[in-house]
Amino acid sequence: MLQPHVLSVCHVLVLVLCLSAAEDFDWTKNHRGSFYYGTFPTGFSWGVGSSAYQTEGAWDKDGKGMSIWDVFTHKKGKVMYNETGDSSCEGYYKVKDDIALLKELKLNHYRFSISWPRIMPTGIKSDHVNEKGIKYYDYLINLLLENKITPIVTLYHWDLPQVLQERYGGWQNLSMINYFNDYANLCFERFGNRVKYWITFNNPWSIAVEGYETGEHAPGMKLRGSGPYKAAHYIIKAHAKVWHTYDNQWRSKQKGMVGISLNGDWGEPVDITSQKDIEAAERYIQFYLGWFANPIFNGDYPQVMKDYIGRKSAQQGLGTSRLPTFSSQEKSYIKGTCDFLGIGHFTTRYITQKNFPASHGPSYFTDRDLAELVDPRWPDPGSEWLYSVPWGFRRLLNFVKIQYGNPMIYVTENGVSEKMTCTELCDDWRMQYFKEYINEMLKAIKDGVNVKGYTAWSLLDKFEWDEGYSERFGLYYVDFRNKNKPRYPKASVQYYKRIISSNGFPNQKEAENWHRKAIETCSSSNQLLAAEQQRTTAANILRLIHDPLTSHMEMVTEIVVPTVCILCILLSAIFLMFLLRRHN
Ligand code: BGC
């Protein structure tokens, strides 16, 4: 993720935005800080999400092929502490347990992804279809339906079959479109009688930029300023092809919907009186969400991307733009290929105009001619890129409404992480985040944005890509040191559950009560977990004594870190007691 710069305090006091594209949303009437008490429309769908590589584990079991993430994580130096998703939450073996958690939350839907190489080990249908993989997803889908939970299924949450990467260069190659279509077609054939919500791609921005520009994600390529545009081009075409396949072959029988899940941070101009900043902020959003949404809803890349990348490419002496073009047939084939739009949203940036001379060389980031800033007062409990800025969510949702003709929206990802080695189940900041972000979504619905459902990200703590297990997004805490990967509810489980059962925020008194009750229950879960962790540490010590081959790293993560944590807690308690005594 980008290293944010710090915003000067004077800019922070700005309360109004006038983004050129958003004429019919009157920002001035809406104070950023006010809370709106009210409920969601009847039938609003509440859910949680997860993804295959991040939670399933069982990376080489029951005939599964390797994905680019299996290979990437097994290379040294790619992921924090060289962690892998080999076993992760062991979700593959814990379907029943996890569905019990969904039931506990009284959810309407569960968003998960299918691992392509689990059901097609090489990624190529004619090579082999792995029936054991199909059986696993059959089981998961059937159990969800038995429990009256609607499955929302993502076909591609980043785990491309490794064979397709090795043979063709993955999303740099046109042939991915047909391979992906064959895979999607198989999913419609085998699961489509029960699955009615399909998401082709999850967050293609990350696939393109982190997979092919910065190389922070698998397949780890650094094809700056061209690789990401090419990958995105094929992904958009693959999405459209799959939508047409569903439309032509399955829709009338199965009566489902096919969408895509796009991520977008909100970009707010630093200086709202500066036309340059206003334009830069709009450019930020167009290079992020618009890159994918504009072709799908309006038939082509955003004009501003064509202009900026075209101009820079020419200045760099290239005969054609680094941004590929769609033919007119392709434009009409792609336009309108979205029955619903999935929106993943986590955070916001302040944006200011900044020129990058073409001589800097090709790069997605410098193509945009802007700088990203953050307000130092924004809370950032976990991931360094994730600041809690609830009002940005409402603005983004209104932007989608205006730019793309008020499509049907499902929020497919929204949540916050904590960065803690030591355990804390009383996640106050997550309750606050959900409360405020969900409230901004409610305001957006009142503004007329067509949001049909919300998916909290995520059900469990899990493998966080290049950050390994260092960032915890879960409503449920997972004890990764324990081989059984037990799950413990954080306070936000109780809190989210109340929002769901009230379908919103009925009144202030009740919402405050939820918070108090959630904190009460989490302190007893905390004790339970602490006791369990002590047992695990003791068991690990015994295991290490008997296993001379255990590595030094294991020693550090399994014994030294928890012991230091426990000591830290003890010392802080003693120190607090000492202070209190002195005070008295
Ligand atoms: C990804 C998730 C990830 C989250 C937080 C999203 O864009 O789709 O898989 O957990 O970011 O890093």
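Worth knowing before you read on, the calculation uses all heavy atoms, side chains too, and leaves out hydrogens, waters and symmetry mates. This chain uses plain numbering: 1 for the first residue, then up along the sequence. Both counts, for ligands and for their atoms, begin at 1 and track the order of listing.
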Relative to [atom], which among [options] owns the nearest non-hydrogen atom?
atom                   : options                : value
atom 3 (C) of ligand 1 : Lys462, Glu464, His217 : Glu464
atom 8 (O) of ligand 1 : Glu413, His345, Glu210 : Glu413
atom 7 (O) of ligand 1 : Asn203, Leu386, Ile207 : Asn203

Check: So, does Glu467 sit close enough to ligand 1 that a heavy atom of it is under 4.0 Å from the ligand?
Finding: no

Checklist line | ligand 1 contact by Glu471, heavy-atom criterion under 4.0 angstrom | finding: no

Ring geometry between [Y] and [X] (parallel below 30°, tilted from 30 to 60°, perpendicular above 60°):
X      : Y      : answer
Phe201 : Tyr156 : tilted
Phe393 : Tyr437 : tilted
Tyr410 : His109 : perpendicular

As an exercise, identify every atom of ligand 1 less than 4.0 angstrom from a heavy atom of [X].
X      : value
Trp457 : 2 (C), 3 (C), 4 (C), 9 (O), 10 (O)
Gln54  : 2 (C), 3 (C), 9 (O), 10 (O)
Asn202 : 8 (O)
Asn263 : 7 (O)

Note to self: Below 4.0 Å, non-hydrogen atoms only: which portion of Trp385 touches ligand 1? Side chain, backbone, both or neither.
What the structure shows: side chain

Notebook entry, point to check: Is the closest side-chain donor-acceptor distance between Tyr284 and Asp265 under 3.5 Å?
Noted result: yes

Item checked: Pair Asn414, Tyr433: side-chain N/O donor-acceptor within cut-off below 3.5 Å -> yes

Check: In terms of side-chain geometry, is the basic nitrogen of Asp367 or Arg322 positioned less than 4.0 Å from the acidic oxygen of its partner?
Finding: yes

Item checked: Given Leu144, Asn108, Asn147, the one that forms side-chain contact (heavy atoms from CB on, under 4.5 Å) with Leu102 -> Leu144

Notebook entry, point to check: For Trp158 and ligand 1, does the shortest N/O to N/O distance drop below 3.5 Å?
Noted result: no

Margin query: For the residue pair Arg118 and Tyr92, would you count it as a cation-pi contact if the rule is NZ or CZ under 6.0 angstrom from the ring centre and within 45 degrees of the ring axis?
Written below: yes

